[in-house]
Amino acid sequence: MRYNSPMSSFHYRQGTLHCEDVPLAHIARAVGTPCYVYSYSAIRERYLRLDRALSGVPHLICYAMKACSNQAILRTLIREGAGLEIVAGGELYRALAAGADPRKIIYAGVGKRTDEIANALRSDVLLLNVESAQEMKAIEGIAAGLGKQAHVALRLNPDVDPATHPYIATGLRQAKFGMEVGEARRLVRGRQRLAHVEIVGVHVHIGSQITQLAPFIEATQRVVAFVRSLQAEGLTIRYVNLGGGLGIAYQDERPPSLEEWATALAEVAASLGRTLILEPGRALVGEAGALLTQVLYTKQNTARRFVVVDAAMNDLIRPSLYDAYHPILPLEKARGQATPVRVDVVGPVCESSDFLAVMNAGAYGFSMASNYNSRPLAAEVLVRDNTYFLIRERQALEDLIRGEHVPTFLRDEG
């Protein structure tokens, strides 16, 4: 891994693991654990790299906020010119609260409720990605009732194998996402019946944590062919949305760089002369975050060694859900000669360390956290240079039952 490199936002200095210029042990002791820590500079730098790589084509980068949706993270990207990709009404609320320009918001998702569609239209989002004929009909009716004109993109299911975990593969024929080309074409040919919907884009997203360029290129080629066929039928497409899904290196993966990914897609799609939209999430924030946790106990039986920490599945579910790998590092390296040992926590753990960092946890970490076992949600911290900022307080115990109501008959002791 590259955590010893001075170029990384997470690196060792004199045996102490830092995020930018702040020792993580200092944050762990001041804020408590478990705690998510993000590097401002890493997030900003990765967005700007991608933006520069696309400078030769009209483009819009819409951060997939499902990856990590703290207001401070959103504002970091919005300030640099990013748009946002959302998949729920709550994400629309978060996006607008963070100051996002509605004309840079893309609303995706296979199951939008009617009230969510209405709020999106009232907010004047740039595009609604349509996933079915029934959804198109619903958007038409809602837009008519509001006296609005809805701008939509047709989400294709290109039947491309992204070679990733089956739970996060979205572009295969058997997936619930998108439409086959035949259904999309029928919607286009029936567009004269849509008085309040204008088809202005085509969208594709084939999955997440994809570490090869070939699936992206294949999906893009199919989108380009489909757009050309629509143009031949007289439909003007203004936006070509190629989604996100670029992976990061959790263990021994070798994903394309942001520049390689952007250049490859732009080269295939540039001949259309349309605005290119990308929706990266993990690729921008995954390596920029770590989950800090404290060792509570060590134990051993005849079969295994165990290290018990204060972070749990509710804080970071990816290992349980996807059998995912995350490197684990001590915040303070052991002094002298230390022999790594294998324990039930992935990777070697230095047992003399009080605190550990679960690396590459910036994406789908806190955003997938829960209150399972009535555990309060972790705190979140943003680091910039030599200063850290608490961007989410640790959830209080009383918050766990906020909004719950006990019926009167259960309040009586008798």
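What's counted below: heavy atoms across the whole structure, side chains too, no hydrogens, waters or symmetry copies. Residue numbers start at 1 and run along the sequence shown.
Under a 4.0 Å N-O distance rule, the pair K148/D124 does not qualify as a salt bridge. The existence of a salt bridge linking D115 and R113 is confirmed by a sub-4.0 Å separation between a basic side-chain nitrogen and an acidic carboxylate oxygen. Under 4.0 Å is where a charged nitrogen must lie from a carboxylate oxygen, and between R384 and E20 no such pair does. Note on E218 versus R222: salt bridge recorded, some NZ/NE/NH1/NH2 to OD/OE distance being below 4.0 Å. Salt bridge status for K112 with E131: absent, with no side-chain N to carboxylate O gap under 4.0 Å.
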side-chain hydrogen bond (donor to acceptor under 3.5 Å, both in side chains), that's the test. Do T298 and R305 meet it? Break it down for me.
CA-CA 8 Å; T298 62; R305 291 174 179 252; over 6 Å; no
List the steps, then state whether side-chain contact (heavy atoms from CB on, under 4.5 Å) holds for I106 with L84.
CA-CA 6 Å; I106 308 295; L84 298 176; over 6 Å; no
Is there a side-chain hydrogen bond (donor to acceptor under 3.5 Å, both in side chains) between S271 and R228? Walk through the geometry before answering.
CA-CA 10 Å; S271 62; R228 290 196 186 284; 2.7 Å; yes
Show your reasoning for whether side-chain hydrogen bond (donor to acceptor under 3.5 Å, both in side chains) applies to N70 and E380.
CA-CA 8 Å; N70 186 286; E380 290 182 288; 2.9 Å; yes
Before giving the answer on side-chain hydrogen bond (donor to acceptor under 3.5 Å, both in side chains), spell out for D310 and T293 the whole-Å C-alpha distance, their side-chain angles and the decisive distance to 0.1 Å.
CA-CA 6 Å; D310 66 355; T293 183; 2.7 Å; yes
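In the model, R185 has a side-chain atom that pairs as donor or acceptor with a side-chain atom of S229 under 3.5 Å. Looking at N371 and Q395, their side chains do bring a donor and an acceptor atom within 3.5 Å of each other. Between the side chains of N129 and H205, no donor-acceptor pair is found at a separation under 3.5 Å. The closest side-chain donor-acceptor pair between N241 and E279 falls under 3.5 angstrom.
Going from atom OG of S41 over to atom CG of D385 covers 5.5 Å, rounded to the nearest 0.5 Å. The CD1 atom of I61 lies 6.5 Å from the CG atom of L278; values are rounded to the nearest 0.5 Å. For the atom pair L321 CG and Y364 OH, the distance stands at 12.0 Å (nearest 0.5 Å). R52 contributes atom CZ, which lies 10.5 Å from atom CG of L258 (distance to the nearest 0.5 angstrom). Residue L77 holds its CG atom at 6.5 Å from OH of Y63, rounded to the nearest 0.5 Å. E135 contributes atom CD, which lies 13.5 Å from atom CD of E140 (distance to the nearest 0.5 angstrom).
Residues R46 and P280 fail the side-chain proximity criterion, which asks for heavy atoms closer than 4.5 Å. Residues L146 and R122 form a side-chain contact, since some pair of their non-hydrogen atoms from C-beta on lies under 4.5 Å apart. Put simply, the side chain of S123 reaches to within 4.5 Å of the side chain of L92, judged on heavy atoms. Residues R304 and R342 fail the side-chain proximity criterion, which asks for heavy atoms closer than 4.5 Å. Contact annotation: the side chain of I199 approaches that of V152 to within less than 4.5 Å [non-hydrogen atoms, C-beta and beyond]. Y38 places a side-chain heavy atom less than 4.5 Å from the side chain of I391.
Separation of the H26 and Y388 ring centroids falls under the 6.0 Å cut-off.
A cation-pi arrangement is present between K333 and Y12 under the rule of less than 6.0 angstrom and at most 45 degrees off the ring axis. Both cation-pi conditions hold for R318 and Y250: the charged atom is under 6.0 angstrom from the six-membered ring centre and inside a 45 degree cone around its axis.
The nearest pair of heavy atoms linking P23 to T16 is CB-CG2, 3.9 Å. The two residues P34 and A378 have their closest heavy-atom pair at O-CB, 3.4 Å. Across every non-hydrogen atom of Y107 and V87, the tightest pair is CE2-C, 3.7 Å. Closest non-hydrogen pair, I248 versus A283, comes out as CG2-CA, 4.1 Å. The two residues V285 and I73 come nearest to each other via the heavy atoms CG1-CG2, 4.2 Å. Looking at every heavy atom in both residues, L331 comes nearest to A28 through CD1-CB, 4.2 Å.
Only one option out of E91, K66, K104 pairs with E85 in a side chain to side chain contact (heavy atoms under 4.5 Å, CB included); it is K66.
Using cut-offs of 30° and 60° on the angle between ring planes, the pair F366 and Y36 is perpendicular.
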